[in-house]
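Note that the structure is predicted; figures quoted are calculated from it, not measured.
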Amino acid sequence: MLFPPPLTRRHALFLDFDGTLADLAPQPDAVRLAPGLAQDLRTLHHVLGGALAIVTGRTLADMDRFLGTLDLPLACEHGAQLRLSTADGPAVPTLPLSALLHSLDGLAARHPGLLVERKSAGVALHYRQAPHLQQLCHDTMAQAVAELPGAELLAGKCVYEIKPAGAGKGRAIARLMQQPPFAGRVPLFVGDDVTDEDGFAAVQALGGTGLKVGAGETAARTRIPSPAAVRDWLHGAAQALTPDACEAAP
């Protein structure tokens, strides 16, 4: 299927952030929310009875900065951190990262194109500005994982991330689907990266649909071309699901 299905009031909607809601940027802090997107998300959160969540590798602090006053359920750091009234806080144990962070800071100092991103439950090493250092980044992070019990290595778009082994977007979605307001709905997850594949598998195992943004092999059953197309789809759904003011008037 080339285009996403219509969004209905029966859906539980799960959305990745970078490369899905927001366009990718040279640096993580350079990402910006498109005009009108926050209002569309607010509208959809309301008409879906609260069953809309952001499922991202970003930290809670990052999402608070991007979303501002928009208060949505969040599964951050690939599900290691949850924010929902009935399931807040760490979802998995954190890792002892102080020695690794010191080592990575030294690596980034020697190679200015690298960026170390500290998270509450893990750490990411970005090489978007130094693609020729991909192998060095991989080998460094793989060696670190081998020395950290309970950790696993996650490869994304120009980034390697170490996270707790119990964290994953699919697990986070499955956990949210067991609780109101998500329980009993048809799940739909939109994502763009290999880190979203277990999320696609999770929603499809629950009778829902995975939507892959852009090209690449995927388990998702349908695609959408770009983050701009995702935003257009969400805008159209927000308009379609909002009762017409004239019809609502007595």
Side-chain angles (χ1 to χ4, degrees), residues 7-22 31 33 37-95 117-122 124 152 154 161 163-193 195-211 230 234 237-238 241:
L7 188 65
T8 74
R9 292 174 184 267
R10 296 179 56 246
H11 279 111
L13 181 59
F14 301 97
L15 299 164
D16 175 46
F17 186 72
D18 293 282
T20 297
L21 288 179
V31 168
L33 214 61
L37 177 59
Q39 182 56 50
D40 287 336
L41 293 174
R42 182 176 288 108
T43 297
L44 290 171
H45 182 247
H46 174 71
V47 299
L48 294 175
L52 185 156
I54 307 297
V55 183
T56 175
R58 292 275 192 170
T59 65
L60 287 169
D62 277 345
M63 295 315 302
D64 285 342
R65 177 166 55 85
F66 286 121
L67 299 178
T69 60
L70 180 56
D71 186 18
L72 299 176
L74 298 171
C76 292
E77 300 188 36
H78 306 283
Q81 295 284 323
L82 292 179
R83 180 183 291 170
L84 183 67
S85 58
T86 54
D88 291 347
V92 294
T94 57
L95 298 168
E117 182 185 4
R118 287 166 164 78
K119 301 187 178 186
S120 62
E152 68 180 12
L154 191 66
E161 181 168 348
K163 67 179 184 67
K169 292 186 178 182
R171 293 185 183 96
I173 290 171
R175 182 177 177 185
L176 291 173
M177 284 296 295
Q178 294 175 352
Q179 305 174 59
F182 301 94
R185 291 174 173 267
V186 179
L188 195 158
F189 176 50
V190 191
D192 74 302
D193 205 346
T195 60
D196 299 312
E197 288 297 318
D198 66 334
F200 299 146
V203 296
Q204 289 170 177
L206 292 169
T209 303
L211 276 74
V230 172
L234 293 173
L241 294 175

Report task. Decide yes or no for Val55 and Leu15: does some side-chain heavy atom of the first lie under 4.5 Å from some side-chain heavy atom of the second? Result -> no

Report summary line: Here the gap from Leu176 atom CG to Arg171 atom CZ, rounded to the nearest 0.5 Å, amounts to 14.0 Å

Query raised in the report: So Leu33 and Phe17, side chain to side chain contact (heavy atoms under 4.5 Å, CB included) or not? Walk me through it.
Result: CA-CA 10 Å; Leu33 214 61; Phe17 186 72; 3.6 Å; yes

Report task. May I ask you to say whether Asp71 pairs ionically with Arg83, meaning some side-chain N is under 4.0 Å from a carboxylate O? Result -> no

Query raised in the report: Under a 4.5 Å cut-off applied to non-hydrogen side-chain atoms, are Glu161 and Glu117 in contact?
Result: no

Report task. Starting at CG of Asp62, measure out to CD1 of Ile54 and round the result to the nearest 0.5 Å. Result -> 13.0 Å

Report task. Find out whether Leu13 and Leu234 are in side-chain contact, i.e. whether some heavy atom of one side chain is under 4.5 Å from a heavy atom of the other. Result -> yes

Query raised in the report: Should Arg42 and Thr69 be marked as a side chain to side chain contact (heavy atoms under 4.5 Å, CB included) after you check the CA-CA gap, both sets of side-chain angles, and the distance that decides it?
Result: CA-CA 10 Å; Arg42 182 176 288 108; Thr69 60; 3.7 Å; yes

Query raised in the report: Does Lys163 come within less than 4.0 Å of Glu152, counting only side-chain N to carboxylate O?
Result: yes

Query raised in the report: Thinking salt bridges, do Glu197 and Lys169 make one under a 4.0 Å N-O criterion?
Result: no

Report task. Please check if the side chain of Glu77 supplies one atom and the backbone of Gly57 the other of a donor-acceptor pair under 3.5 Å. Result -> no

Requested in this report: Measure from the side-chain N and O atoms of Asp196 to the backbone N and O of Asp192, and report whether any donor-acceptor pair falls under 3.5 Å.
Outcome: yes

Report task. Classify the side-chain pair Thr43/His46 by whether it contains a donor and acceptor separated by less than 3.5 Å. Result -> no

Requested in this report: Report yes if the side chains of Leu74 and Leu67 come closer than 4.5 Å at any heavy-atom pair, otherwise no.
Outcome: yes

Query raised in the report: Backbone N or O of Arg9 within a donor-acceptor pair of the Arg185 side chain at under 3.5 Å?
Result: yes

Query raised in the report: Considering residues, nucleotides and ligands other than Arg10, do more than 12 of their heavy atoms fall under 6.0 Å from its CZ?
Result: no

**Report entry** Side chain proximity check, Gln204 to Phe189, heavy atoms < 4.5 angstrom
**Finding:** no

Requested in this report: Hey, could you give me the CG/CD distance between Leu44 and Gln39, rounded to the nearest 0.5 Å?
Outcome: 10.0 Å

Query - Donor-acceptor pair between Gln81 and Thr59 side chains, under 3.5 angstrom - result: no

Report task. Look at the aromatic rings of Phe14 and Phe182 and report parallel, tilted or perpendicular, splitting at 30° and 60°. Result -> parallel

Query - Spacing of CG belonging to Asp64 relative to SG belonging to Cys76, to within rounding of 0.5 Å - result: 8.0 Å

Report summary line: Output for pair (Asp198 CG, Ile173 CD1), nearest 0.5 Å, gives 7.5 Å

Query - Side chain proximity check, Asp16 to Leu21, heavy atoms < 4.5 angstrom - result: no

Report task. Decide yes or no for Val203 and Leu188: does some side-chain heavy atom of the first lie under 4.5 Å from some side-chain heavy atom of the second? Result -> no

